[in-house]
Amino acid sequence: MKITVAGVGYVGLSLAVLLAQKHDVTAITTTESKAEKLNHLISPIQDDEIERFFKEAREGKRELHLNTTTDKETAYKNADLVIIATPTNYDDVTHFFDTSAVEDAIEWTLKVNPDVLMVIKSTIPVGYTESVRENYGVKNIIFSPEFLRESKALYDNLHPSRIVVGCDDDQWKRGRCLQTFFWKVQEKKRRNLILLNRIFQYC
């Protein structure tokens, strides 16, 4: 499967590395220097497991199918699955999350690959997923919150306490498939899958 991950912060990069063990993953960043570092398997963030995985890959002890680019059009166009993990910084003055990077990812995807499933992993305000589905007139956007610690993100993805996917009736089957998909790349497989139907009134 070809997976595109938008964002290379601790959420996006940990997911990209996790999935690159078994899938072809393209990570998107807006910074050329970050793309160059990542393509040389050098992490721009401090995370013990990511650094260990990269070191093992550089030494030929681990295979990672990971490419990082600033070319949004190609990355989104070729994807079988798009994971959106862009930053949504909270503004203490306006008391709103800045979701512009999430919307940029959605708009690029809809422009070049409109039918692909988009999974939002970014921190978003209450009601956001439902609102973007309505605003863009699409149903192929679902939400899956992350439960990760900074500097321990890849470890937490390898050993998740739970996998939660929020979807409504029309995306129920795809939501269940997504949970199983994430479950299969865990190091320790625990059946801790939570599928929340009609979650969009809350997320």
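Counting from 1, the numbers follow the sequence of the chain as shown. Remember, it's a predicted structure, so these values are computed and weren't measured experimentally.
- Listed for the Asp24 side chain is no donor-acceptor partner under 3.5 Å among the backbone atoms of His65.
- For Leu81 against Val116, the heavy-atom pair with the smallest separation is N-CG2, 3.6 Å.
- Connection of Val138 to Ile84 is established within a shared hydrophobic cluster, with ILVMFWY side chains joined at heavy-atom distances below 4.5 Å, either directly or through further cluster members.
- The minimum heavy-atom distance between Glu51 and Ile45, with the atom names listed, is OE2-O, 3.6 Å.
- Put simply, the side chain of Arg133 gets close to the backbone of Lys139: a donor and an acceptor are under 3.5 Å apart.
- At distances below 3.5 Å, not a single donor-acceptor pair connects side-chain atoms of Thr70 with backbone N or O atoms of Glu32.
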Point to revise | side chain to side chain donor-acceptor pair (under 3.5 Å) between Glu103 and Tyr128, worked out | key: CA-CA 11 Å; Glu103 281 131 35; Tyr128 182 80; 2.6 Å; yes
Exercise for review: Decide side chain to side chain contact (heavy atoms under 4.5 Å, CB included) for Ile124 and Thr129; before the verdict, give the C-alpha distance in whole Å, the side-chain angles of both, and the deciding distance to 0.1 Å.
Suggested key: CA-CA 8 Å; Ile124 52 174; Thr129 307; 3.3 Å; yes
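- Thr88 contributes a side-chain N or O that, together with a main-chain N or O of Thr123, makes up a donor-acceptor pair within less than 3.5 Å.
- At least one side-chain heavy atom of Arg52 sits under 4.5 Å from a side-chain heavy atom of Glu49.
- Thr86 contributes no side-chain N or O that, together with a main-chain N or O of Gly7, makes up a donor-acceptor pair within less than 3.5 Å.
- Hydrophobic clustering places Val17 together with Met1 (ILVMFWY residues linked when any side-chain heavy atoms are closer than 4.5 Å, directly or through intermediates).
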**Study point:** side chain to side chain donor-acceptor pair (under 3.5 Å) between Asp71 and Thr69, intermediate numbers included
**Key:** CA-CA 5 Å; Asp71 181 357; Thr69 184; 5.1 Å; no
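- By the 30° and 60° cut-offs, the orientation of the rings of His95 relative to Tyr90 is tilted.
- The shortest distance between side-chain heavy atoms of Leu148 and Asn157 falls below 4.5 Å.
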Exercise for review: Let me see the working for Tyr76 and Ile28 under side chain to side chain contact (heavy atoms under 4.5 Å, CB included), right down to the final yes or no.
Suggested key: CA-CA 9 Å; Tyr76 291 123; Ile28 300 175; 3.4 Å; yes
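- Annotation for Glu36: atom CD does not count as buried by contact number, only 12 or fewer foreign heavy atoms lying within 6.0 Å.
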Point to revise | Verdict with supporting geometry, Lys121 and Ser144, side chain to side chain donor-acceptor pair (under 3.5 Å) | key: CA-CA 5 Å; Lys121 299 291 286 188; Ser144 178; 3.2 Å; yes
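- For Phe147, the CZ atom counts as densely surrounded, since its 6.0 Å shell holds more than 12 non-hydrogen atoms of other residues, nucleotides or ligands.
- Under the 3.5 Å distance criterion, the side-chain polar atoms of Arg149 are left unmatched by any main-chain donor or acceptor of Asp156.
- Going from atom OG1 of Thr109 over to atom NZ of Lys77 covers 13.5 Å, rounded to the nearest 0.5 Å.
- Between Ile83 and Ile3, some side-chain heavy-atom pair lies under the 4.5 Å cut-off.
- Listed by chain and number, the residues in a ring-ring contact (aromatic ring centres under 6.0 Å, His included) with Phe54 amount to none (sequence neighbours excluded).
- Using a 4.5 Å heavy-atom cutoff, the side chains of Ile120 and Pro145 are not in contact.
- Between Leu38 and Val8, the shortest heavy-atom distance links the atoms CD1-CG1, 3.9 Å.
- Between Tyr136 and Glu107, the shortest heavy-atom contact is OH-OE2, 2.6 Å.
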**Study point:** Ile106 vs Val132, side chain to side chain contact (heavy atoms under 4.5 Å, CB included): CA-CA, chis, key distance, verdict
**Key:** CA-CA 9 Å; Ile106 293 171; Val132 292; 4.3 Å; yes
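- Put simply, the side chain of Asp48 does not reach to within 4.5 Å of the side chain of Tyr155, judged on heavy atoms.
- Here the side chain of Asp104 pairs no donor or acceptor atom with the backbone of Ser100 at under 3.5 angstrom.
- Placement of Val119 and Phe97 in two distinct hydrophobic clusters is found when ILVMFWY residues are connected by side-chain heavy-atom separations under 4.5 Å, directly or transitively.
- Asn140 approaches Pro114 most closely through the heavy-atom pair ND2-O, 3.0 Å.
- Side-chain atoms of Asn113 come within 3.5 Å of backbone atoms of Ala79 as a donor-acceptor pair (strictly under, hydrogens ignored).
- Classification of Glu56 and Arg62 as a salt-bridged pair holds, one side-chain N sitting under 4.0 Å from a carboxylate O.
- Using a distance-only test at 3.5 Å, with no hydrogens or angles considered, no donor-acceptor pair links the side chain of Thr31 to the main chain of Ser33.
- No side-chain heavy atom of Phe143 sits less than 4.5 Å from a side-chain heavy atom of Glu130.
- Considering only heavy atoms from C-beta on, Ser122 stays 4.5 Å or farther from Val11 through its side chain.
- Note that NZ of Lys55 is 15.0 Å distant from OG of Ser43, once rounded to the nearest 0.5 Å.
- Of all the heavy atoms in Ala16 and Leu66, the pair that sits closest is CB-CD1, 4.0 Å.
- At a threshold of 4.5 Å between non-hydrogen side-chain atoms, the residues Phe53 and Gln21 count as touching.
- Taking NZ from Lys152 and CD1 from Ile50, the interatomic distance works out to 12.0 Å, rounded to the nearest 0.5 Å.
- Ion pairing between Lys2 and Asp80 fails under the 4.0 Å rule for side-chain N and carboxylate O.
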